[in-house]
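Written below as structure tokens is the structure these notes are about.
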Amino acid sequence: MRSLVVAVLLLLLFAGGELGAAASSKKKKECHSSDRDALVAFKAALGNPYHFASWTPDASCCDWYDVDCDDSTGRVVGLSVFQDANITGTIPDAVSGLTHLRTLMLHHLPQLSGPIPPAVAKLSSLSMLIISWTAVSGPVPSFLGALKSLTLLDLSFNSLTGAIPPSLAGIASLSSIDISRNNLTGALPPALFSKLNTSQQGAYLRLSRNNLTGSIPAEFAAVKFEQVDLSRNALSFNMSGLRLQEGIGSLELSHNVIYGSVPAQVAGLSSLQYFNVSYNRLCGELPGGAARFDQYSFLHNKCLCGSPLLACK
Ligand SMILES: *[C@@H]1O[C@H](CO)[C@@H](O)[C@H](O)[C@H]1NC(C)=O
Ligand SMILES: *[C@@H]1O[C@H](CO)[C@@H](O)[C@H](O)[C@H]1NC(C)=O
Ligand SMILES: *[C@@H]1O[C@H](CO)[C@@H](O)[C@H](O)[C@H]1NC(C)=O
Ligand SMILES: *[C@@H]1O[C@H](CO)[C@@H](O)[C@H](O)[C@H]1NC(C)=O
Ligand SMILES: *[C@@H]1O[C@H](CO)[C@@H](O)[C@H](O)[C@H]1NC(C)=O
Ligand SMILES: *[C@@H]1O[C@H](CO)[C@@H](O)[C@H](O)[C@H]1NC(C)=O
């Protein structure tokens with residue numbers, strides 16, 4: 001008799017636990033109808049590709065592939081579509097219906113083309129915008145400056161052209177930018193570097209493999225990036241005057257047309273682990289701090305000398 005009572009109690013406990021779990025997972029999976037409508041329109045605009053086969057009405061949109069909901073509000077906060085060569089078309093305007101979106105990632109979609117649509121600028125909660133390894137073309141739109149919550153902007157490996165818009169300086173939360181491997185031209189906007197959020201850990205600036213010209217603005221000296229890669233552009237300025245913040249770990253400036261000499265201040269930064277100014281037009285004796293890097297950091301310049309290169313004559 002006693003064992004029967006215990007068994008029944010256990011059964012009740014078990015059932016209760018199950019019900020509790022079911023209730024909480026149901027709460028988690030609720031889908032807001034306007035989010036669902038926006039996703040359905042997004043999928044339709046891309047021609048209902050197989051990629052979105054799990055996006056069916058019988059499942060909550062929070063359970064759909066590539067979709068992430070906030071546990072407490074149930075709103076769609078993440079859409080991360082990646083790695084599909086069959087997705088063809090332009091970035092759907094319907095994305096603007098996902099009004100609570102914090103992360104938008106369109107990555108490795110080689111047939112995604114056309115410009116970045118103004119609809120993206122309506123996503124006022126967006127913290128991370130990643131459009132990379134696509135055939136997206138046109139400018140880096142000035143209207144991205146409207147994304148006041150953005151911390152990361154990654155537009156690398158696309159076919160973007162034109163200049164970096166100064167409007168990005170209006171984003172006070174922005175700390176990391178990667179627009180490498182595009183066809184950007186023009187100079188780096190000085191205002192950008194007076195406004196970036198330098199208190200963010202691990203901030204980086206990657207603009208390698210474009211066709212950027214001009215100099216690194218003086219304002220750059222105030223920004224505490226952990227990593228800077230401006231290699232393979234057409235930047236042309238006198239490096240003698242360059243000053244950088246302690247805290248920078250990696251500075252890649254190879255394959256530009258930088259002249260002048262390597263400043264002792266920069267070579268001497270104790271945080272600097274990687275430094276590359278090879279393939280430029282630098283000249284003169286390297287400062288003492290340069291000796292901790294190897295010769296490959298300095299090769300192919302006009303007339304650099306001193307350790308780790310050959311002694312000056
Ligand atoms: C892409 O389309 C081809 C041909 O229709 C198909 O065989 C392949 O499985 C598709 N790939 C993906 C990732 O959907
Ligand atoms: C950049 O422009 C050049 C010349 O117009 C072109 O050949 C190249 O494919 C472009 N690269 C990208 C990444 O768009
Ligand atoms: C800048 O970054 C810090 C550290 O992550 C954060 O606390 C602060 O709110 C950010 N400032 C702005 C304006 O977003
Ligand atoms: C880069 O800019 C230079 C000078 O404006 C131009 O001659 C060259 O064709 C450009 N290269 C590419 C790949 O766009
Ligand atoms: C670079 O700037 C330094 C210091 O201002 C100056 O002495 C030097 O002549 C300049 N080099 C070139 C090539 O303009
Ligand atoms: C610097 O860049 C050049 C050119 O891309 C490369 O050959 C060299 O290995 C790099 N130096 C270091 C220290 O990695």
Side-chain angles (χ1 to χ4, degrees), residues 102-103 124-129 144-153 167-177 180-181 191-210 214-218 220-245 247-267 269 272-287 289-305 307-309:
R102 288 182 222 138
T103 300
S124 57
S125 300
L126 213 57
S127 165
M128 291 200 259
L129 176 60
L144 293 181
L147 298 172
K148 299 298 182 201
S149 303
L150 211 59
T151 59
L152 166 68
L153 177 65
S167 68
L168 295 184
I171 311 175
S173 51
L174 191 58
S175 67
S176 291
I177 300 175
S180 48
R181 300 229 187 195
L192 185 57
F193 302 110
S194 50
K195 298 279 176 55
L196 289 175
N197 188 355
T198 60
S199 49
Q200 201 84 250
Q201 281 251 309
Y204 56 78
L205 178 71
R206 299 184 190 136
L207 297 170
S208 65
R209 292 176 192 259
N210 281 287
S215 63
I216 293 181
F220 193 83
V223 188
K224 219 169 181 168
F225 288 116
E226 203 166 291
Q227 193 194 83
V228 172
D229 184 354
L230 303 175
S231 62
R232 294 177 195 265
N233 277 286
L235 296 172
S236 178
F237 61 96
N238 186 342
M239 194 178 182
S240 312
L242 186 66
R243 297 289 175 271
L244 291 176
Q245 289 264 325
I248 189 166
S250 170
L251 180 62
E252 169 62 271
L253 294 172
S254 68
H255 289 275
N256 280 285
V257 266
I258 303 169
Y259 55 91
S261 57
V262 175
Q265 191 270 337
V266 172
L269 290 168
L272 199 59
Q273 298 296 308
Y274 180 85
F275 182 56
N276 201 339
V277 291
S278 63
Y279 295 87
N280 278 290
R281 303 220 176 125
L282 295 164
C283 204
E285 181 165 14
L286 287 169
R292 66 200 168 99
F293 302 106
D294 68 27
Q295 57 172 320
Y296 297 101
S297 295
F298 304 101
L299 286 178
H300 294 275
N301 273 283
K302 195 171 152 205
C303 47
L304 280 180
C305 61
S307 180
L309 299 175

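Computed from a predicted model, the values in this text were never measured in an experiment. Every number for a ligand or one of its atoms is a count from 1 in the order of the listing.
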I'd like to check which ligand 6 atoms, numbered from 1 as shown, lie under 4.0 Å from a non-hydrogen atom of [X].
{"X": "Asp294", "value": "13 (C)"}
{"X": "His255", "value": "4 (C), 5 (O)"}
{"X": "Ser278", "value": "1 (C), 2 (O), 3 (C), 4 (C)"}
{"X": "Tyr279", "value": "4 (C)"}
{"X": "Arg232", "value": "5 (O)"}
{"X": "Tyr274", "value": "1 (C), 10 (C), 11 (N), 12 (C), 14 (O)"}

### Task
State which residues pass salt bridge (charged side-chain N to carboxylate O under 4.0 Å, His left out) with Arg232; sequence neighbours excluded, sorted by chain then number.
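Partners of Arg232 under the salt bridge (charged side-chain N to carboxylate O under 4.0 Å, His left out) test: none.
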Is the closest side-chain heavy-atom distance between [X] and [Y] below 4.5 Å?
{"X": "Ile177", "Y": "Tyr204", "answer": "no"}
{"X": "Ser250", "Y": "Glu226", "answer": "no"}
{"X": "Leu205", "Y": "Phe193", "answer": "yes"}
{"X": "Leu192", "Y": "Phe220", "answer": "no"}

### Query
For atom CZ of Arg292, is the number of surrounding heavy atoms from other residues, nucleotides or ligands below 6.0 Å larger than 12?
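Counting other residues, nucleotides and ligands, CZ of Arg292 exceeds 12 neighbours.
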### Message
Using heavy atoms and a 4.0 Å limit, tell me yes or no: is Phe275 in contact with ligand 6?
### Response
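Outside the 4.0 Å threshold, so no.
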### Query
At a non-hydrogen distance cut-off of under 4.0 Å, which region of Phe293 contacts ligand 6 (side chain, backbone, both, or neither)?
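Within the 4.0 Å criterion, Phe293 makes no contact with ligand 6.
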### Query
Run the side chain to side chain contact (heavy atoms under 4.5 Å, CB included) check on Phe298 and Leu282 step by step: do they pass?
CA-CA 9 Å; Phe298 304 101; Leu282 295 164; over 6 Å; no
### Message
I'd like the contact residues of ligand 3, where contact means a heavy atom below 4.0 Å.
### Response
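Residues near ligand 3: Ala172, Ser173, Asn197, Ser199, Gln200.
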### Atoms of ligand 5 close to Ser240 [distance to a heavy atom under 4.0 angstrom, numbered from 1]
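It comes down to these atoms of ligand 5: 1 (C), 2 (O), 3 (C).
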### Closest non-hydrogen atom pair, Tyr296 against Asn276
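Scanning both residues, the minimum pair turns out to be O-OD1, 3.6 Å.
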### Query
Does Asn238 reach ligand 5 with a nitrogen or oxygen that is under 3.5 Å from one of the ligand's nitrogen or oxygen atoms?
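For ligand 5, there is an N or O atom that lies under 3.5 Å from one belonging to Asn238.
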